[in-house]
Structures are given as structure tokens and as C-alpha cells.
A.B. asks: 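This is the structure, below, for whatever I ask next.
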Protein chains: 2
Amino acid sequence: MGTRRRGEELEGAILQAAAEELRRSGYAGMTMDRVAARAGTNKNAIYRRWPHRAALGIAAYRHLSDVAMPHPDTGTLRGDALEMLRKANETWSSPHGAVLRSLLAAAADDPALLDLMRERSGADTMDRAWLTMLDRAVARGEAPPTAVHPRVAATPMMLLRAEYAMRGTPSVPDETLVEIVDEVFLPLVRGRV
Amino acid sequence: MGTRRRGEELEGAILQAAAEELRRSGYAGMTMDRVAARAGTNKNAIYRRWPHRAALGIAAYRHLSDVAMPHPDTGTLRGDALEMLRKANETWSSPHGAVLRSLLAAAADDPALLDLMRERSGADTMDRAWLTMLDRAVARGEAPPTAVHPRVAATPMMLLRAEYAMRGTPSVPDETLVEIVDEVFLPLVRGRV
DNA sequence: CGTATAAGGTACGCCACGTACCCTAAAGGC
DNA sequence: GCCTTTAGGGTACGTGGCGTACCTTATACG
């Protein structure tokens, strides 16, 4: 009965199994027993590595997730912003994003988990991408230099986020994205002195 | 052994007990057994009225909650907006708001609950308050008529909401509210053609 | 006064988290 | 090449919480 997996190999199998469970049933449905069963091991091996279900959930999400950060360069601020929002909308409405949202919901009342999630969500990288976008717009003369401001840069994604929080539906319609850009983001950039 | 409570009276006691449990431990900690114990009854009486825990949670929240909608009239758009945000921040950071957020988090993966919550959250009334605020600003000549737009009206509250979602902390600092108004809302209003 | 209705009491089935123990395979030093 | 340490496997259990079942008892109402 030769092979008993160890260390690295076993850990990978557990993460893989947990990720599949996450995809299938969301975080709420990700059972420790089922993860163990699917990984062909038992709960001991899991609890020796992660202190509780939530930690495993986050680790698994991280394992299946290496979201590429888009760096659009369409030539106009409007085009860049729309592209960013569309990519984000795509990601969040994918099964992948469902997992993320399910984790976020579960972490909402647990500050420690929220911290972990924030680290992994790549919010900082996202903000920086929007700032360089604004930089380029300034260089083109499309926006006043004062538009390069963290709060301005963060606003569109925050609005998209809030949209998801309110609806909970699988995806935000494209018109909403356009509206965020045309009715909020661009006027905001333009209105800064 | 005289008084056995019935109907209205018992229902009130249950809701009261549930509301207290919500306040003490949030939705996640609101146990059916504890609610029953605190109300001095048993789970039968509860399940005869609400089909599951979530329904009771929402009913209890509604029971303890009649949030007064503020209608500030400070004379300037900036003052009005700040006042609205401050009141909302106060409400959401109160124990009361913690309950609401805890419920929202729990409802994030259950569409039916999300619907119920949306009804009770008074988002529509809130949007209307912001729109009339903008109307008054237009009448004073503080804002262009095009600023009266639902998306514009909803933006500050959405940003506050997203702020809560990201931090999860008890309260958003006042500087953040000022920043939302000065760096986003007012430039946005000003920038609309 | 009697009967339908609803409350009280209690126990249970189920499921999931996390823990405890004991057994066994693998890794590594001597 | 043995032998000890380490880590995985198997399994059972304690705890807690949701929702249900069933019976008993009080109360309202005709």
C-alpha cells in the first residue's frame, strides 16, 4: 500500500480539494469532512495546518486565485476606466468572484479574517493601477493634475463594490458601468480645480 | 400558574428577546434556544410564527428599528451633505447598525433574505432625500441643474457603505466623510455640464 | 360548559466544527 | 541497515445549533 503522501504534496491536495469545494458550494457549503474526503485524507491533516475552517477557506481561495491585474491603455481616460470596470465586473461575476464574495460575507463579522481578505484582495495594487491611469490622462492633458488623488482613484471600484453589495446578483449590467464612468468618474475628474 | 401569554403579547416578547440577543451577540450569535429562553417560552412558539432563524432576525431588527430619516437644511450643499453622512455614520456605527450589518453579511449568500433586507433598508427614501438636497442647491444657484441625477445622489452613501464593507470597523472617521464630500461629491456636482 | 386552538415541555435527528487517541508509514540519524 | 522521531490515517466523540415531533395543559370562544 505504498504511498502515503506527506508535507508539500498532501498540502497541495488539501488546498486543491478545498478550492473545488469552494467552487461547488461556496464557503458556506465547504465542509471540513468533505474537503478531507475529497483530498483522500482526514481532518487531522487539515487541522494540523490551518487552525479553523475560515483559514483554510482563505488559503484555498488564494491557491486557486492569481487574478491578473489589468493595465489598460486605450488612449482615453474614458476607455481605460471602462476597461478596468469591465474586467473587474467579469472577475467578480465569475464563479471565482462568487467564492470571493462568499468569503467576504463570512468574514464580515470576524475582524481577523477581514484583515486576511483585505491583504489578498489586492486593493492596493488596484488603487495604484487607477492612479497611473490618471497620471497618463494628465500627461495627455485630459485631466487636471489635481485629479491624481487616491480618493478619486478609488471611487469607481468602490461604487462597483457597493453595487454588488446591494444587488448580490451575479453580475452588474454594462450600462451601470458606463453610468459610473460617464455620470460620476469623468465629471468628478473634470470638476476638480 | 395563572398567566400564559398568547398571540400579540407573546409575539412581542419573542421579538423583544430576539432584538436583545441581536444587540448582544449579532445575528451570528442569535440562537433560537437563547431567544426562546430569554422570552420565557420555547422554540415551538417561535417556529409557529417564523419559518426559520433568518426570518426572525429580520423581524426583530425591524421591531427595534425605526430609523428617522434626517432632512438637513443647513443652507449650503456642503453642510447638508456632511450632515447626512454624519448621521448615517452615527447610525451604522451604533449597536443598531452593527445588527444591520451583521444581518446584511449573513444575507449576502441568501437572495431571499437580501430582498427582505433591501426593502427594510430604506434605500429609496435615502436617495430621495439626497435628490431634494440637490434640488435645493440648484435653486440656490449652488449647482447646475444637471447635478440632480440619481447616480450622483446615491454616490456618497455608496462610498460610505463601501468604506464600511472594507474596514468592518465600528466607525468611519470624520475626516473620511469630509473627504468624500470635498474630494468627490462637490467636484462631481461642479463638474457636471 | 365543552371544545378547538395555541402555549409549554421535552426529547430527538441531523449536521458540522473541532478534539482526542491510538495505530502505522515514512524520513533521517547512528 | 536498524530505530527513533515525525506526521498521516482512522475513528470516535463532545458540543452546539437548527428544525421537528409529540404529548400535555391552559385559555379563548361559542
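Throughout, protein chains are lettered first and strands after them, A, B, ... in sequence-line order, and every chain is numbered starting at 1.
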A.B. asks: C:dG8, C:dC17, D:dG9: which one has an atom nearest the side-chain heavy atoms of A:A45?
C.D. replies: D:dG9

A.B. asks: A:W50 CH2 to D:dA7 C1': how many Å, rounded?
C.D. replies: 14 Å

A.B. asks: CD of A:E179 to CZ of B:R151: how many Å apart, nearest 0.5 Å?
C.D. replies: 4.5 Å

A.B. asks: Please determine, for the side chain of A:Y47, which listed nucleotide (D:dG17, C:dG18, C:dA7) has the closest atom?
C.D. replies: C:dG18

A.B. asks: For the side chain of A:N42, starting at C-beta, report the closest nucleotide among D:dT20, D:dT11, C:dC17.
C.D. replies: D:dT11

A.B. asks: Any carboxylate oxygen within less than 4.0 angstrom of a Lys/Arg side-chain nitrogen, looking at A:E83 and A:K87?
C.D. replies: yes

A.B. asks: Would you call A:E183-B:R192 a salt bridge at under 4.0 Å N-O?
C.D. replies: yes

A.B. asks: With DNA chain C as reference, determine whether A:R48 or A:M30 sits nearer its 5' end, using the nearest nucleotide of each.
C.D. replies: A:M30

A.B. asks: Rounded to whole Å, please give me the gap between CG in B:D33 and P in D:dT20.
C.D. replies: 14 Å

A.B. asks: Side chain of B:R53: nearest nucleotide among D:dA7, C:dG18, D:dG19?
C.D. replies: D:dG19

A.B. asks: Between P on D:dA7 and CG on A:L10, what's the gap in Å once rounded to a whole number?
C.D. replies: 12 Å

A.B. asks: When the distance from NZ of B:K43 to P of D:dC18 is rounded to whole Å, what number comes out?
C.D. replies: 7 Å

A.B. asks: What's the CD-P distance between B:E8 and C:dA6, to the nearest Å?
C.D. replies: 14 Å

A.B. asks: Which part of the nucleic acid, if any, lies within reach of A:R49 when heavy atoms closer than 4.0 Å are counted: base, sugar-phosphate only, or nothing?
C.D. replies: sugar-phosphate

A.B. asks: For the residue pair B:R53 and B:Y27, would you count it as a cation-pi contact if the rule is NZ or CZ under 6.0 angstrom from the ring centre and within 45 degrees of the ring axis?
C.D. replies: yes

